[in-house]
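This report refers to the structure that appears directly beneath it.
Letters go in sequence order (proteins before strands), and every chain restarts at 1. Heavy atoms only: backbone and side chains are in, while hydrogens, waters and symmetry mates are out.
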Amino acid sequence: MKVANLVGQRFKERPADCVIDSHALMVRGGFMKYVGNGIYSEFPALRRVTAKIENIIRKEMDAIDGQEVLFPVVLPASLWEESGRYESVGNELVRFKDRSGSNHVLGMTHEEAAVHLVREYAQSYTKYPFMIYQIQRKFRDEARPRAGMIRVREFTMKDAYSFHTSQEDLDKYYEVCFQAYNRIFQKAGVPEVITVQSDSGMMGGSVSHEYMLLTPVGEDSIVICDECGYRSNMEAAENQVINNAGTAEELECIETPDCKTIEDVCAFLESDVETSCKAVVYQKNSDDKFVVAFVRGDYEVNETKLRNIVGEEIHTAVITDEDCLTAGYIGPYNFPEEAEFYLDVSLKGIASLVAGANKEGYHYKGLNLERDLESASYVDIAKVKEGGICPCCQKPSLAIKRGIEVGNIFQLGTKYTKSMDMQYTDENGKNNYPVMGCYGIGVGRLAASICEAHHDEYGPVWPISIAPWEVQLCCLRADDEETKKTADSLYNSLQNDGIEVIYDDRSVRPGEMFSDADLIGAPIRVIASPRNLKESAVEITTRDKSVKELVPVEKAAEFIKDLRLKLFAEIDSHVENYK
RNA sequence: CGGCGUGUGGCUCAGUUUGGCAGAGCGCUGCGUUCGGGACGCAGAAGCCGCAGGUUCAAAUCCUGUCACGCCGACCA
């Protein structure tokens, strides 16, 4: 391939709407083009990257006995009605009518299609276990696409579904899949991907893991223990708090004019924020009934945790003067009967608290929840803090990091086989529901994440296993006959050896040629120029600048081949070293 | 869905306050000089100023409406 013919323009200026580097570089490098909100086309350079990622995935899926299939993008609503998700899933699911007026959906995930495909085939226990997977486009009408290809509405995903005749068999295969996923991310050149335990969300099921690529621009917060290796997402991380009891005091109602925030109250009463009780107010979506979460003043509420405990959807409350609650002065003592409240574990064991009095302009001092409330029970509804206590090893060593979710694996159980009535006959002639697992990887998101994790200010630094081309050959001064001849012949010889080369023989200035090469991001760069040729050599470098050598022209091809193998070997060593 | 912001050549943006010929740099086309980190000269092409209505002799600029997009939050297998 010649740069001169490569479809997709590279340019100098950072597009205004790009917030993260990978987005800006992939647009500037001619990898992708914006089409609409959360919708992008891939230029040839990116398509080559995603195709390589797909092939890495395909190989690993095949190696664990996966069989590739292809489900439709458009599915009849009836299939989603069977599982109940036609009703239960929100607006992310695009619903539409065809010309005859019957309801359809755009596939945003394919559990229904998977069950539909195999429920006649797999009626006998002898067919189990098996796994099917596809690599295909999905559409999810996300509320807020962002960060380029990291969070889009239409995207390519590898989704896999396994079917088993017992939980034990699923457990076994889940572990196999867990390892296959680790190999995929190692081979894609991102050893920084880690696994965390997670909450399974709308997919249902119990055990699940997310594969997170750690980066400060990630959308998800991850809790990591540096001491024992505990890893979890924020919702699944138990918050443990050990309070110094302090000395109990008498309960006192004090006038606190214009003290509506915890900071105001603590400053006014000269008390510590760690002995204050903060109220965060929500309302139930169903009937607008108030739900108040009380946490220690220095903690934040985790809404997902609270939602799970309340057991229904909630939203941030709007409090007006007519309501039973007095904004700014809400406390658990003398709490109005019309609302309900939850006490967070961070309040447990404090002998003397400052809290609102449920009366305009007043707070309580010396509140002791165990003593003053009829029954005080505590729940875990606060976000874990940096330096918090690890629920696993009990050391105060929790760190909070950001990450991008590039894959996930779930144990689905019988949620879909039951709702869609997929059964098999076991060796005793008895009918049973198969147990399912499902396994996803976002291909485009992984490509963008790799760019985010591996780039410098000039462009992506692609790992060789997924780079659009392995070698970029730059011919400075293509008008110089000798130089052009040398570069041409090297290009031909490398291509004959099966090496992927992108060849730049345009008559542009060196600066532009180097900038373009940086933006394309091929791991090996070869520079032919009159200057190098004076020493009968070409310059060979790596994109990450770890290698930079003048190599005699006649030895260049051999050197490049060796370097290429060395770079691949480095990736393989990640796979082997991974435990 | 809430808050904030932005729509002017392919890209980055000025011009809007105070209404008066549609602008710059990059990119693109041609010619020439250059050539190891986005050079320079000359000559060009390219815009219904998001859309619709209104005010005005005159609207990119003022008014009303609307659409789109972005950021923060909510939400999210």
Side-chain angles (χ1 to χ4, degrees), chain A residues 8-20 23-24 27-28 30 33-39 83 85 88-93 107-112 114 138-148 151-153 155 157 159-161 198-205 208-210 219-220 233 235 282-283 285 303-304 307 313-318 405 407-410 412 415-416 437-442 445 457-459 474-480 483 506-519 525 527-534 538-539 541 548 550:
Chain A
Q9 186 59 46
R10 289 156 306 280
F11 52 91
K12 201 163 25 173
E13 271 166 305
R14 184 184 175 112
D17 55 352
C18 297
V19 178
I20 67 169
H23 184 198
V27 173
R28 282 186 50 210
K33 184 174 160 85
Y34 173 86
V35 180
N37 189 11
I39 302 173
S83 68
R85 286 206 292 188
S88 67
V89 175
N91 289 332
E92 312 88 63
L93 178 65
M108 55 181 285
T109 168
H110 283 83
E111 285 74 16
E112 286 84 356
K138 299 207 183 312
F139 191 92
R140 293 182 188 177
D141 197 359
E142 294 279 355
R144 186 147 93 82
R146 67 188 106 177
R151 186 170 200 75
V152 287
R153 295 198 296 171
F155 55 97
M157 181 172 203
D159 47 324
Y161 307 90
S198 63
D199 208 36
S200 23
M202 94 168 188
M203 298 302 300
S208 63
H209 287 86
E210 291 172 351
E219 316 187 75
D220 299 303
N233 65 13
E235 297 83 61
Y282 297 90
Q283 284 175 288
N285 285 13
E303 287 185 26
T304 307
R307 188 171 291 115
E313 287 300 305
I314 52 171
H315 62 272
T316 307
V318 185
E405 183 185 345
N408 55 35
I409 56 178
F410 290 97
L412 288 175
K415 180 177 152 96
Y416 294 93
C438 84
Y439 319 88
I441 294 179
R445 177 183 283 190
E457 61 180 302
Y458 305 107
C474 298
C475 177
L476 301 192
R477 301 301 304 274
D479 57 334
D480 181 82
T483 309
R506 297 172 299 166
S507 61
V508 296
R509 292 170 62 81
E512 182 174 350
M513 201 173 274
F514 292 144
S515 295
D516 277 355
D518 286 340
L519 277 171
R525 182 175 309 173
I527 302 165
S529 71
R531 196 173 87 182
N532 292 337
L533 223 49
K534 269 187 202 154
V538 292
E539 186 180 327
T541 63
K548 185 175 161 81
L550 266 183

Answer for the Watson-Crick or wobble partner of B/A60, both distances under 3.5 Å, is none
(request) With P as the reference atom in both, quote the distance from B/A60 to B/A52 in angstrom, rounded to an integer. (result) 13 Å
Base, sugar-phosphate, or nothing: which does A/A143 touch, judged by heavy atoms less than 4.0 Å apart? base
*Any A/R509 side-chain N or O less than 4.0 Å from OP1/OP2 of B/A39*: yes
Minimal heavy-atom distance between A/R85 and A/L93, with the atoms involved, is O-CD2, 4.2 Å
Paired to B/G73 by Watson-Crick or G-U wobble criteria (both distances under 3.5 Å) is B/C1
### Query
Just checking A/R506: base, sugar-phosphate only, or nothing, at a heavy-atom cut-off of under 4.0 Å?
nothing
Pairwise P distance, B/G23 and B/G44 [rounded to whole Å]: 15 Å
| message | If you compare every side-chain N and O of A/N37 against the phosphate oxygens of B/A68 (OP1, OP2), does one of them come in below 4.0 Å? | response | no
Checking N1-N3 plus N6-O4 or O6-N4 for Watson-Crick, or N1-O2 and O6-N3 for wobble, each under 3.5 Å, the partner of B/A14 is none
*Should we say atom OH of A/Y458 is surrounded by more than 12 heavy atoms from elsewhere, each under 6.0 Å from it?*
no
From CZ of A/R477 across to P of B/G36 the rounded distance in Å is 8 Å
Inset, instruction - Kindly say whether, by distance alone, the side chain of A/E13 makes a donor-acceptor pair under 3.5 Å with the base of B/G27? - result: no
Closest of B/G36, B/A74, B/G38 to the A/R531 side chain is B/G36
Per nearest nucleotide of RNA chain B, the residue lying toward the 5' end, A/R14 or A/F514, is A/R14
Against the side chain of A/L519, the closest entry in B/G36, B/G37, B/G38 is B/G38
Q. Under a 4.5 Å cut-off applied to non-hydrogen side-chain atoms, are A/K138 and A/M108 in contact?
A. no
Whole-Å distance, A/M513 CE to B/A39 C1', equals 15 Å
Whole-Å distance, A/D516 CG to B/G37 P, equals 15 Å
Please check the phosphate of B/C1 (OP1 and OP2 only) for any side-chain N or O of A/R144 closer than 4.0 Å.
no
Check: Heavy atoms under 4.0 Å, any strand shown: does A/E539 hit a base, just sugar-phosphate, or nothing?
Finding: base
Heavy-atom nearest nucleotide on RNA chain B taken for A/L476 and for A/Q9; more 5' hit belongs to A/Q9
Looking across every strand, which nucleic acid part, if any, lies under 4.0 Å from A/D479 by heavy atom: base, sugar-phosphate, or nothing?
base
dist A/K12:NZ -> A/D516:CG (nearest 0.5 Å) comes out at 11.0 Å
Of the listed B/C69, B/G36, B/G38, the closest approach to the A/S529 side chain comes from B/G36
Pairwise P distance for B/U29 and B/U66, with rounding to whole Å: 44 Å
Against the side chain of A/Y34, the closest entry in B/G38, B/C69, B/C75 is B/C69
Scanning all shown strands, the Watson-Crick or wobble mate of B/A68 with both distances under 3.5 Å is B/U6
| Expressed in whole Å, how much space separates the P atoms belonging to B/G37 and B/G32? | 25 Å
Between B/U8 and B/A14, how far is it from one P atom to the other, in whole Å? 10 Å
Rounded to whole Å, CZ of A/R28 lies from C1' of B/U12 at a distance of 12 Å
note: A/N91, atom CG; B/A74, atom P; distance rounded to Å ~ 18 Å
B/U12 versus B/C48 - spacing of their C1' atoms, nearest Å: 23 Å
message = In whole Å, measure the gap between the P atoms of B/C67 and B/C51 for me.
response = 15 Å
Here the pair of heavy atoms bringing A/D141 nearest to A/N91 is CB-O, 3.5 Å
Looking only at heavy atoms, the pair that brings A/V89 and A/E92 closest together is CG1-OE1, 3.8 Å
Look at all strands and tell whether A/F155 reaches a base, only sugar-phosphate, or nothing, counting heavy atoms closer than 4.0 Å.
base
For B/G47, the nucleotide meeting Watson-Crick or G-U wobble distances (both under 3.5 Å) is none
Closest of B/G38, B/G36, B/A74 to the A/R146 side chain is B/A74
From the candidates B/C71, B/C13, B/C26, the one with an atom nearest any side-chain atom of A/V19 is B/C71
Checklist entry - Is the backbone of A/R28 close enough, under 3.5 Å, to the side chain of A/R10 for a donor and an acceptor to pair up by distance? => result no
Closest of B/G38, B/G37, B/U12 to the A/D518 side chain is B/G37
Practice task
Scan A/N532 against the nucleic acid and name what it touches under 4.0 Å (heavy atoms): base, sugar-phosphate only, or nothing.
Solution key: base
note: A/R10, atom CZ; B/G10, atom C1'; distance rounded to Å ~ 15 Å
Any strand, both distances under 3.5 Å, Watson-Crick or G-U wobble: B/C40 pairs with B/G32
- Item | Rounded C1' spacing from B/C28 to B/C11 in Å | 12 Å
Taken to the nearest whole Å, NZ/A/K12 to C1'/B/C28 is 14 Å
field: Backbone N/O of A/A478 and side chain of A/R506: donor-acceptor pair under 3.5 Å
entry: no
- Task: Report which part of the nucleic acid A/P530 touches: base, sugar-phosphate, or nothing (heavy-atom distance under 4.0 Å, all strands).
- Result: nothing
To the nearest angstrom, the CD-P distance between A/E142 and B/C71 comes to 13 Å
- Item | Residues A/T541 and A/E539: side-chain donor-acceptor under 3.5 angstrom | no
